[in-house]
Number of protein chains: 2
Amino acid sequence: MNASEPADPGLLALAEDFREALRHSIYLVRRLDADGELSAAQLSMLKMLMDAGPAAGGVRVGEIARNLGVKVPSATEQIIKLERAGLARREPDPDDSRAVRVTLTDAGLAAVASANERRNTVMAGVLSSLSDEDRAALAAALPVIGRINATLLA
Amino acid sequence: MNASEPADPGLLALAEDFREALRHSIYLVRRLDADGELSAAQLSMLKMLMDAGPAAGGVRVGEIARNLGVKVPSATEQIIKLERAGLARREPDPDDSRAVRVTLTDAGLAAVASANERRNTVMAGVLSSLSDEDRAALAAALPVIGRINATLLA
DNA sequence: GCCTAACTGTTAGGCTACCTAACTATGAAC
DNA sequence: GTTCATAGTTAGGTAGCCTAACAGTTAGGC
C-alpha cells in the first residue's frame, strides 16, 4: 500500500499482467452485455438488490451507491429507471424519514434471473472450450480476485 | 458454444462466479483510473499503439477499433483526442490512400509509461497484502483469462 | 478504359452512465 | 429551538460508445 518505497519487480509484473487481463475483460463484459434487454449497470444494481435486499426490507440509496462504487446521484438515476421499468420499488424508511428503501418487484426478480441465466449460458459456452486444468486455475483464482475487489472497495 | 443443450451445472456455476468477479472488477478498474490524467479508454489505445505500432510504421484506424473492441467512429474520436493532446500522430498510408496510420509521439510514449507505472504501483500495493498462495493462484489464472478474452474477441 | 461494387475513414446526431454543485427535508446536539 | 450533519433529488455537464450518412480510394468485370 505504500507507494513511496520501491516495489518488488515480480509484484509489479504481476500487477501489470493483472491490469492487462482486466482491461481486456472489460470488452468481454461489454460483448456479453450487448445482447440484452438490461444494461450492465442496471443488472448490477438488480443483482445487488437481490443479494442484499430481503434482509432489511430494502436497501438505502446511499448503501446502493457505496456497494456499486458510484456516487449517490448516479444511483438515484438508475433507481428511477428501474422503477419506471417496474423492476424496483422505492419506499420511505419507517425509521428515518430522510431515507428511502429500494426493493425488487417480482418482475425485477424475474428479470435478473433470466438475464443472468442467458449471460451464464454464453459464458459457460466459452468456458467449455477450456481444458480442465484451465478451469481449475480459473476457479482457484476467483476467490483471490474477490479479496482484491473487497480490498479496493473498502 | 451450443446454447441449445442444457449446460453442465458446475460449468454454469463457474460461469456465474467468473462473471461476478469481472463485474466487481470493473469498479476496481474505475477506481484505479480515477486519479489519472489519462482516461481508461485513452490509456488502452495508447498501450495498444505501443504494442502494435512500431512494427509497420503505425496502426490503421480499423485495426485499432478491432483490437479495442469498438466501432471505427469511436476509434476515430479517441484518436482525434490523443492527437489534440499531442500524444499520437495521424499519417497517410503510403500504400493505400484511403487508410490512415496512427503512431505514438514521444510524449505519448512517455505518457503511457508514466500512467502505467502509477497504476501498477497502486495495484502492486494491493497485491502485496495477499498471501503467496493467493498470488500464485492469480498468476496461474491470468493466461486462462487471456485465452477467454481471445476467444470472445475473435 | 470505365463503371460499379467494396472498402476506409470522418462527420453528424443521439444515448447511457457517470460526475459535481446546489437544493430540500429530516434528524441530532446542545 | 437554532445549528449542524445527513439522505436523497434535481440540474447541468462530460466521456465514450453507437448507427446512419457521407466522401474518397481501390479493384473487378466487361
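A quick note: this is a predicted structure, and the numbers were derived from the prediction, not measured. To find a chain, count down the sequence lines: A is the first, B the second, and so on, and within it residues start at 1.
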By a strict heavy-atom criterion of less than 4.0 Å, which residues belonging to residues 90-98 of chain A are in contact with DNA chain C?
->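 Close to the strand are A:D96, A:S97, A:R98.
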In whole Å, what is the span from the [atom1] atom of [X] to the [atom2] atom of [N]?
X     : N      : atom1 : atom2 : result
B:L82 : D:dA15 : CG    : P     : 13 Å
B:L68 : C:dG9  : CG    : C1'   : 16 Å
B:L43 : D:dA15 : CG    : P     : 17 Å
B:R60 : C:dT10 : CZ    : P     : 12 Å
B:I79 : D:dA15 : CD1   : C1'   : 16 Å
A:I80 : C:dT16 : CD1   : P     : 14 Å

Grab the N/O contacts between the protein and nucleotides 17-21 of chain C below 3.5 Å, and write none if there aren't any.
unit_1, atom_1, unit_2, atom_2, d
C:dA17, OP1, A:S39, OG, 2.4
C:dA17, OP2, A:Q78, NE2, 3.4
C:dA17, OP2, A:K81, NZ, 2.9
C:dA17, O5', A:Q78, NE2, 3.3
C:dC18, N4, A:E77, OE1, 3.2
C:dC19, OP2, A:K71, N, 2.9
C:dC19, OP2, A:S74, OG, 2.6

Least distance between heavy atoms, A:A75 atom then A:V70 atom =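 Scanning both residues completely, I find the closest heavy atoms to be N-CG2, 4.2 Å.
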Got A:V100 and A:P92 here, is their nearest side-chain heavy-atom distance under 4.5 Å?
->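 No, side chains not in contact.
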Carboxylate-amine/guanidinium contact B:E16 A:K47, below 4.0 Å =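 A:K47 and B:E16: salt-bridged.
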Salt bridge check: are A:R60 and A:E63 linked by an N-O gap of less than 4.0 Å?
->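 Between A:E63 and A:R60 there is no salt bridge, as every charged N stays at least 4.0 Å from the carboxylate O atoms.
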Keeping the roles fixed (side chain from B:T105, backbone from B:G86), state whether a donor-acceptor pair exists under 3.5 Å.
->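 Checked: pair present.
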Closer than 4.0 Å, any side-chain N/O of B:T76 to the OP1 or OP2 of C:dG9?
->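 Checking C:dG9 against B:T76, no side-chain N or O comes under 4.0 Å of OP1 or OP2.
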Any side-chain donor paired with an acceptor under 3.5 Å for B:R118 and B:S114?
->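 The answer is yes; a qualifying pair exists.
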Matching residue for B:L82 among B:M45, B:R90, B:R89 - test: side-chain contact (heavy atoms from CB on, under 4.5 Å) =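 The passing option is B:M45.
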Which of these, B:V126, B:L142, B:I145, B:N120, sits in a side-chain contact (heavy atoms from CB on, under 4.5 Å) with A:F18?
->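 Testing each of B:V126, B:L142, B:I145, B:N120 against A:F18, the sole residue satisfying side-chain contact (heavy atoms from CB on, under 4.5 Å) is B:L142.
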Answer yes or no: are there more than 12 heavy-atom neighbours, outside B:E117 itself, under 6.0 Å from its atom CD?
->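 Not buried by this count: 12 neighbours or fewer within 6.0 Å.
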For D:dC30, give its Watson-Crick or G-U wobble partner with both distances under 3.5 Å, or none.
->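 Here D:dC30 is engaged in a pair, and the nucleotide opposite it is C:dG1.
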